[in-house]
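Below is one structure, written out as structure tokens; the observations come after it.
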Amino acid sequence: MFVTFPEPVIPERLRLGKSLVVAVDGPSGSGKSSISKAVARRLGLAFLDTGAMYRALTWHCLNGRINLENAAAVEAAARTVKIEQSLTPDGDFVRVNGINVTGPIREPDISKAVSAVATNLGARRELVRRQQEIIAQCGSRIVVEGRDITTVVAPRAEARLILTASEEARLRRRGLQLGGSQTQAQLREQVVGRDAKDATVVDFQRAADGVYTVDSSELDFEETVDAVINVVRRSVNEGPAA
Ligand SMILES: Nc1ncnc2c1ncn2[C@@H]1O[C@H](COP(=O)(O)OP(=O)(O)OP(=O)(O)O)[C@@H](O)[C@H]1O
Ligand SMILES: Nc1ccn([C@H]2C[C@H](O)[C@@H](COP(=O)(O)O)O2)c(=O)n1
């Protein structure tokens with residue numbers, strides 16, 4: 001993979017071969033996935049969607065009739081399931097034990113069930129372990145997005161930020177993304193309801209010490225990408241947030 005940093009964003013010490021992990025957390029619908037992909041493209045970095053791993057495990061459990069309330073069974077499934085996914089910002093595939101689940105893991109039934117898996121601490125431990133392995137395999141040159149990346153998965157990342165937006169903006173954007181197929185109540189449950197459940201095990205609403213915040217409520221897509229790139233530049237040049 002060629003790395004072509006737009007000058008003078010990244011200084012010499014972080015050029016080709018040097019670690020550049022960009023950790024992005026935030027609530028549902030804040031733009032983590034789409035913005036992080038665009039940032040990875042601009043910086044020539046790999047890209048990891050960790051939410052897709054929780055979704056893939058959820059699909060696997062439902063497909064195998066594993067009761068999501070059975071914590072030990074879900075944890076065991078996390079340890080044995082084979083999850084393959086694209087690690088570039090331009091690829092988009094997820095396979096579970098060789099089955100293409102790219103589309104199915106985005107369906108509302110998975111969005112509804114995924115918090116039961118994401119709040120299973122044993123399953124989280126295994127997925128975090130895999131995520132750290134992937135980061136290392138990518139030579140620590142990657143944008144990683146999720147809910148616990150800045151705090152648990154990559155607390156020493158060169159750049160760490162929370163990407164957030166108002167509830168109103170997130171609901172509106174998710175509604176547009178799903179092409180108006182969901183009622184307002186369904187959208188609210190998938191965005192706000194899911195965040196409330198997930199927040200019982202990870203804090204992705206508040207920036208931890210040293211973590212920057214980008215609020216995109218009043219920014220369009222490109223302005224948000226620029227704001228995140230600025231945070232990367234600032235982190236690399238000046239260090240963590242004060
Ligand atoms: N600043 C922005 N202005 C307008 N639309 C945006 C902006 N940021 C993101 N979007 C759009 O909002 C929608 C939701 O973004 P995305 O799926 O990346 O959110 P997410 O945080 O990854 O959500 P989830 O965690 O639920 O998967 C997408 O259609 C994306 O293109
Ligand atoms: N690092 C992560 C990533 C995701 N989750 C949870 C939160 C969501 O309920 C679910 C799917 O994530 P999404 O695709 O909507 O970003 O997985 C988490 O707990 N930790």
Side-chain angles (χ1 to χ4, degrees), residues 23-40 47-59 61 68 74 78 83 85 89 92 94 101-102 104-121 123-132 134-135 143-155 161-180 182 187-205 214-228:
V24 181
D25 288 326
S28 179
S30 61
K32 296 181 301 298
S33 170
S34 51
I35 299 289
S36 297
K37 273 187 184 177
V39 168
F47 166 76
L48 175 62
D49 174 352
T50 61
M53 299 173 77
Y54 287 90
R55 288 173 179 273
L57 175 57
T58 305
W59 182 91
C61 290
L68 299 185
V74 172
I83 301 173
Q85 66 192 116
D92 183 21
V94 182
V101 296
T102 312
I105 64 165
R106 305 290 167 192
E107 292 293 327
D109 60 325
I110 300 296
S111 298
K112 213 168 144 193
V114 66
S115 292
V117 168
T119 52
N120 179 309
L121 298 183
R124 290 197 77 81
R125 253 192 313 276
E126 171 59 16
L127 293 191
V128 166
R129 188 192 66 73
R130 292 188 189 201
Q131 289 153 14
Q132 291 171 333
I134 291 170
I135 293 170
V143 182
V144 189
E145 60 95 357
R147 303 294 193 288
D148 58 351
I149 313 304
T150 59
T151 51
V152 179
V153 176
L161 67 118
I162 295 270
L163 180 59
T164 192
S166 67
E167 192 176 296
E168 188 265 326
R170 292 186 291 118
L171 285 169
R172 179 168 30 82
R173 290 172 186 168
R174 181 48 48 84
L176 285 172
Q177 188 180 31
L178 296 177
Q182 306 286 294
L187 279 179
R188 183 164 283 282
E189 177 48 35
Q190 283 173 37
V191 174
V192 185
R194 190 148 56 89
D195 279 348
K197 288 178 201 149
D198 295 334
T200 60
V201 288
V202 273
D203 186 358
F204 48 83
Q205 312 269 13
V214 171
D215 185 334
S216 75
S217 308
E218 306 294 329
L219 304 178
D220 69 19
F221 193 89
E222 283 308 319
E223 288 170 334
T224 309
V225 175
D226 287 342
V228 173

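Every number for a ligand or one of its atoms is a count from 1 in the order of the listing. In this text, all values refer to a predicted model and were calculated from it rather than measured experimentally.
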**Asked** Salt-bridged, K197 to E189, with N to O below 4.0 Å?
**Response** yes
**Asked** Is there a side-chain contact between V202 and T151 (heavy atoms, below 4.5 Å)?
**Response** no
**Asked** Judged by non-hydrogen atoms, does S30 sit under 4.0 Å from ligand 1?
**Response** yes
**Message:** Looking at ligand 1, is there an atom of it that comes within less than 4.0 Å of some heavy atom belonging to P27?
**Reply:** yes
**Request:** Do me a favour and list the nearest non-hydrogen protein atom to atom 12 (O) of ligand 2 with residue, atom name and distance?
**Result:** G51 CA, 3.5 Å
**Message:** Minimum distance, heavy atoms only, to atom 19 (O) of ligand 2: which one of K197, R124, R147, K32 is it?
**Reply:** R124
**Prompt:** Below 4.0 Å from any atom of ligand 1, is there a heavy atom belonging to G29?
**Reply:** yes
**Message:** I'd like to check which ligand 1 atoms, numbered from 1 as shown, lie under 4.0 Å from a non-hydrogen atom of R194.
**Reply:** 26 (O)
**Asked** D195 and salt bridge (charged side-chain N to carboxylate O under 4.0 Å, His left out): which partner among R170, R174, R188?
**Response** R170
**Message:** Distance under 4.0 Å to a non-hydrogen atom of T224: what atoms of ligand 1 satisfy this?
**Reply:** 1 (N)
**Item:** Which atom of S28 lies closest to which atom of R194, heavy atoms considered
**Value:** OG-NH2, 3.2 Å
**Prompt:** Which protein non-hydrogen atom lies closest to atom 26 (O) of ligand 1, naming both residue and atom, and how far is it?
**Reply:** S28 OG, 2.8 Å
**Message:** Less than 4.0 Å is my threshold; does some heavy atom of E145 fall inside it relative to ligand 1?
**Reply:** no
**Prompt:** How far is atom 21 (O) of ligand 1 from its nearest protein heavy atom, and which residue and atom is that?
**Reply:** K32 NZ, 2.8 Å
**Message:** For a quick test of reading the model, state the closest non-hydrogen atom pair linking R124 to D148 and the distance between them.
**Reply:** NH2-OD2, 2.9 Å
**Message:** Test your reading of the structure: does R55 have an N or O sitting under 3.5 Å from an N or O of ligand 1?
**Reply:** no
**Request:** Report yes or no: does a heavy atom of R170 sit under 4.0 Å from some atom of ligand 1?
**Result:** no
**Message:** Tell me the contacting part of A165 for ligand 1: side chain, backbone, both, or neither, using a 4.0 Å heavy-atom threshold, strictly below.
**Reply:** neither
**Side-chain H-bond candidate by donor/acceptor type, R173 with S216, under 3.5 Å** = yes
**Message:** Only heavy atoms of A118, strictly under 4.0 Å: list the atoms of ligand 2 that pass.
**Reply:** 6 (C), 19 (O)
**Message:** Starting from atom 4 (C) of ligand 1, what is the nearest protein heavy atom, named by residue and atom, and what distance separates them?
**Reply:** R173 NE, 3.5 Å
**Complete:** Numbered in order shown, the ligand 1 atoms found under 4.0 Å of a heavy atom of D220 are 1 (N), 2 (C), 3 (N)
**Message:** Side chains of D25 and T150: any donor to acceptor distance under 3.5 Å?
**Reply:** yes
**Item:** Minimum heavy-atom distance between I105 and A52, given as atom pair plus value
**Value:** CD1-O, 4.0 Å
**Fill in**
Heavy atoms of F47 and P89 approach each other most closely as CB-N, 3.9 Å
**Asked** At a non-hydrogen distance cut-off of under 4.0 Å, which region of R147 contacts ligand 1 (side chain, backbone, both, or neither)?
**Response** side chain
**Request:** Note the single closest protein heavy atom to atom 22 (O) of ligand 1, along with its residue, its atom name and the distance in Å.
**Result:** S33 N, 2.9 Å
**Prompt:** How close does the nearest protein non-hydrogen atom get to atom 14 (C) of ligand 1, and which residue and atom is it?
**Reply:** Q177 OE1, 3.6 Å
**Complete:** Of all protein heavy atoms, the one nearest atom 19 (O) of ligand 1 is G31 N, 3.1 Å
**Request:** List the closest protein heavy-atom neighbour of atom 14 (O) of ligand 2: residue, atom name, distance to the nearest 0.1 Å.
**Result:** R55 NE, 2.7 Å
**Asked** At what distance is the nearest protein heavy atom to atom 31 (O) of ligand 1, and which residue and atom is it?
**Response** S34 OG, 3.8 Å
**Request:** Indicate yes or no: does R106 engage D92 in a salt bridge with an N to O separation below 4.0 Å.
**Result:** no
**Prompt:** If we ignore angles and hydrogens, is there a donor and acceptor under 3.5 Å between the side chains of D215 and T164?
**Reply:** no
**Asked** Where is the nearest protein heavy atom to atom 24 (P) of ligand 1: which residue, which atom, and how far?
**Response** R174 NH2, 3.6 Å
**Protein residue, atom and distance nearest to atom 3 (C) of ligand 2, heavy-atom basis** = T50 OG1, 3.3 Å
**Message:** Counting neighbours of CD on E223 that are heavy atoms of other residues, nucleotides or ligands and sit closer than 6.0 Å, is the number greater than 12?
**Reply:** yes
**Item:** Protein contact of atom 1 (N) of ligand 2 - nearest heavy atom, named by residue and atom, plus distance
**Value:** D148 OD1, 2.8 Å
**Message:** Would E145 count as a polar contact of ligand 2, with the cut-off being nitrogen or oxygen pairs under 3.5 Å?
**Reply:** no
**Complete:** closest protein heavy atom to atom 9 (O) of ligand 2 is D198 OD2, 2.5 Å
**Message:** Any nitrogen or oxygen of I35, side chain or backbone, less than 3.5 Å from one on ligand 1?
**Reply:** no
**Request:** Please assess Q190 against L178 for the test side chain to side chain contact (heavy atoms under 4.5 Å, CB included), listing each intermediate value before the final yes or no.
**Result:** CA-CA 11 Å; Q190 283 173 37; L178 296 177; 3.8 Å; yes
**Complete:** Among non-hydrogen protein atoms, atom 17 (O) of ligand 2 lies closest to Y54 CB, 3.5 Å
**Prompt:** Which residue supplies the protein heavy atom nearest to atom 15 (O) of ligand 2, what is that atom called, and how far is it?
**Reply:** R194 NH1, 2.8 Å
